[in-house]
There are 2 protein chains.
Amino acid sequence: MEEREMRYFVAVAEEGNIGRAAQRLGIAQPPLSRALQLMERRLGADLLVRTPRGVELTTPGEVFLRESRAALDAVDAAERRTRRAVERPGAVVLAVKAGVATELLGRLLDAHAATAGASPVDLLLTEFGDSEPALRDGRADVALLHLPLDGAAGLDHVVVGSEDLVALLPARHPLTAREAVTLAEVAALPDLPPPRWRSPDGTVPHGPGPLVRDQVQLAQLVALGRTAAIVPRSCARSAPTLVDGVGRGVGVVTVMDAAPLTVVLAWPGHGTAAGVRRLVDTAVTVSGVDA
Amino acid sequence: MEEREMRYFVAVAEEGNIGRAAQRLGIAQPPLSRALQLMERRLGADLLVRTPRGVELTTPGEVFLRESRAALDAVDAAERRTRRAVERPGAVVLAVKAGVATELLGRLLDAHAATAGASPVDLLLTEFGDSEPALRDGRADVALLHLPLDGAAGLDHVVVGSEDLVALLPARHPLTAREAVTLAEVAALPDLPPPRWRSPDGTVPHGPGPLVRDQVQLAQLVALGRTAAIVPRSCARSAPTLVDGVGRGVGVVTVMDAAPLTVVLAWPGHGTAAGVRRLVDTAVTVSGVDA
DNA sequence: ACCGATTACGGGTGCCGTAATAATC
DNA sequence: GATTATTACGGCACCCGTAATCGGT
């Protein structure tokens with residue numbers, strides 16, 4: 001089972017159709033079809049069931065898809081991290097979702113910079129759910145994330161802080177006059193349905209709310225009275241200023257009954273580089289908490 | 001950077017010598033030498049420094065070695081887990097170091113077997129430090145391990161119990177008359193130096209103690225008055241019976257000042273199969289503790 | 001009859017092995 | 001001079017693409 005075959009299989013599994021997968025891979029169907037058959041013959045079992053409409057995964061196929069993705073990420077990570085070691089020796093890439101835990105991040109970076117022999121830290125600003133994948137495929141070495149980690153992540157982490165949740169509401173909405181609101185109150189606003197985010201796997205949930213890609217869109221939609229959202233407080237801080245020019249505003253109200261989010265510094269556990277270790281050590285001393 | 005090249009590079013890094021690596025890989029030196037050069041040209045940096053005696057790693061080379069090992073493990077894991085999914089559908093392989101946490105393991109397996117629709121659990125008995133590698137390269141899906149995990153493992157885990165440490169001493173040694181001993185007392189026995197285990201990476205620590213491979217050897221060496229060892233209590237239970245035929249005996253004494261070992265059920269975090277989830281859930285309910 | 005997948009066949013890339021060369025102790 | 005790594009060259013395997021065939025709706 002070699003790398004090329006795994007890339008082929010993942011493409012086929014994702015497209016559900018050999019022809020489209022071949023197109024995506026930039027090859028013709030026949031070699032792809034043959035490669036799949038060869039893999040199945042070697043395994044002695046089918047990975048795909050051929051339907052008139054395309055292909056579907058068997059149970060072993062699902063296992064192979066999951067494992068192949070992990071393996072291909074690891075392969076890509078090897079090349080990326082090596083290239084980075086060449087181009088920026090000793091540097092550590094820290095992935096952060098834009099706007100999250102800003103002050104915490106600032107403290108961490110300051111403390112790290114004050115460390116003797118501190119390695120340079122490059123920031124990778126990721127969109128929505130992309131910090132964890134970045135860690136896995138080697139674009140980043142360490143990341144600031146919220147618990148819980150998506151899907152039993154297999155990442156080592158230390159807790160570095162927590163932050164509570166707030167509701168973003170149109171500025172003139174009655175609830176903005178309140179000191180605090182509950183999750184239920186926000187959810188019970190039929191004319192302000194919750195926004196929908198694109199999942200990491202590309203699917204989008206159904207619902208009446210607007211589809212948003214980033215914080216700016218969200219802030220604008222809130223200001224325009226199209227949605228209300230629950231976000232970490234550090235994200236809310238920038239929201240009102242983002243829409244200054246719109247002429248309307250965003251109200252920020254504390255959510256009283258939501259458990260605070262735990263912020264962690266996470267990294268792929270296998271064989272950790274010295275630079276990451278030092279950054280983690282700094283984070284532990286800064287936060288005063290440990291894993 | 002493809003899989004074949006990574007295997008080449010790992011072999012060279014481990015052998016420290018292109019010729020020997022080629023031999024181990026079953027190819028001739030020239031293609032290996034060329035493959036390495038090609039990789040270095042693509043990266044635009046040296047991975048190896050050529051010495052008259054062989055080769056040594058550069059800093060990027062060390063990064064690439066670490067990442068390549070992880071990637072190759074993941075690639076191997078993909079094939080192994082898929083094959084297992086074909087040959088034993090639904091089965092979960094649990095890795096255990098022979099003799100560890102026996103009663104805990106028994107309770108876990110019994111409880112799991114009593115679960116409705118329980119998947120079959122195959123046991124993989126590993127030697128010394130091999131449970132974690134087995135998890136990484138796909139020989140196992142889940143493992144019983146002691147904390148701390150070796151080298152920031154990147155494994156998810158739940159705590160399932162703990163066990164204290166005991167000293168194994170020759171049966172007629174004066175200390176065996178005691179109710180309990182301290183670590184310092186056992187370490188201070190010059191004629192009973194601690195045994196040396198082969199590390200997972202193949203190196204062996206220096207010291208006066210005998211080199212042991214497994215529990216049987218250890219028990220025999222203790223019975224013969226050549227060493228004294230600190231082991232988890234569950235390992236000690238079998239030791240006296242292992243050397244029954246030797247004519248001498250092994251004494252087991254509680255170590256009072258050693259922190260109990262935490263026993264965890266661990267699994268590779270990325271994309272966990274349903275069977276593993278169910279086993280973990282069972283473990284959580286059995287132990288009544290969580291991560 | 002169309003879409004999707006598979007078999008058949010020819011061409012080319014690229015990897016490997018043997019042999020010869022260079023460099024260092 | 002022995003060991004180790006590199007260059008030169010020829011052969012072969014493997015993979016791909018085009019074209020034709022099979023199967024189902």
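Excluded from the calculations below are hydrogen atoms, water molecules and symmetry mates; all remaining heavy atoms, backbone and side chain alike, are included. Each chain gets a letter, A, B and so on, in the order the sequences are listed, and its residues count up from 1.
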Original post:
Heavy-atom contacts under 4.0 Å between residues 28-49 of chain A and DNA chain D, which residues?
Top reply: A:A28, A:P30, A:P31, A:R34
Subject >> Sorted by number, the residues of residues 11-23 of chain B with heavy-atom contact under 4.0 Å to DNA chain D >> reply: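 Going residue by residue through residues 11-23 of chain B, the ones with a heavy atom under 4.0 Å of DNA chain D turn out to be B:N17, B:I18, B:G19.
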If you count heavy atoms of other groups shown closer than 6.0 angstrom to [atom1] of [X], is the number above 12?
X: B:E127; atom1: CD; answer: no
X: A:R42; atom1: CZ; answer: yes
X: B:E14; atom1: CD; answer: yes

Quick one: does [X]'s side chain have a donor or acceptor within less than 3.5 Å of a partner on [Y]'s backbone?
X: A:R88; Y: A:V93; value: no
X: A:D156; Y: B:G154; value: yes
X: B:T227; Y: B:P193; value: yes
X: B:D137; Y: B:R139; value: yes
X: A:T82; Y: B:P60; value: no

**OP:** Could you say whether B:P52 or A:R53 is positioned toward the 5' end of DNA chain D, judged by the nucleotide with the nearest heavy atom to each?
**Re:**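 Result of the comparison: B:P52.
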Subject >> Contact interval (first through last nucleotide) of DNA chain C with protein chain B, 4.0 Å heavy-atom >> reply: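 Range of nucleotides touched by chain B: C:dC15 to C:dC25.
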Original post:
Quick one: is A:Y8 getting a side-chain N or O under 4.0 Å of the D:dC16 phosphate, OP1 or OP2?
Top reply: yes
Original post:
Between D:dG24 and A:R50, is there an OP1 or OP2 to side-chain N/O distance shorter than 4.0 Å?
Top reply: no
Original post:
Over how many whole Å does the gap from B:E2 atom CD to D:dC15 atom P extend?
Top reply: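 So the two atoms are 12 Å apart, to the nearest Å.
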Subject >> Step-by-step salt bridge (charged side-chain N to carboxylate O under 4.0 Å, His left out) determination, A:E132 to A:R136 >> reply: CA-CA 6 Å; A:E132 275 189 54; A:R136 285 184 217 292; 3.1 Å; yes
Original post:
Is there a salt bridge (charged side-chain N to carboxylate O under 4.0 Å, His left out) between B:E79 and B:R83 once you walk through the steps?
Top reply: CA-CA 6 Å; B:E79 174 151 4; B:R83 288 213 125 89; 2.3 Å; yes
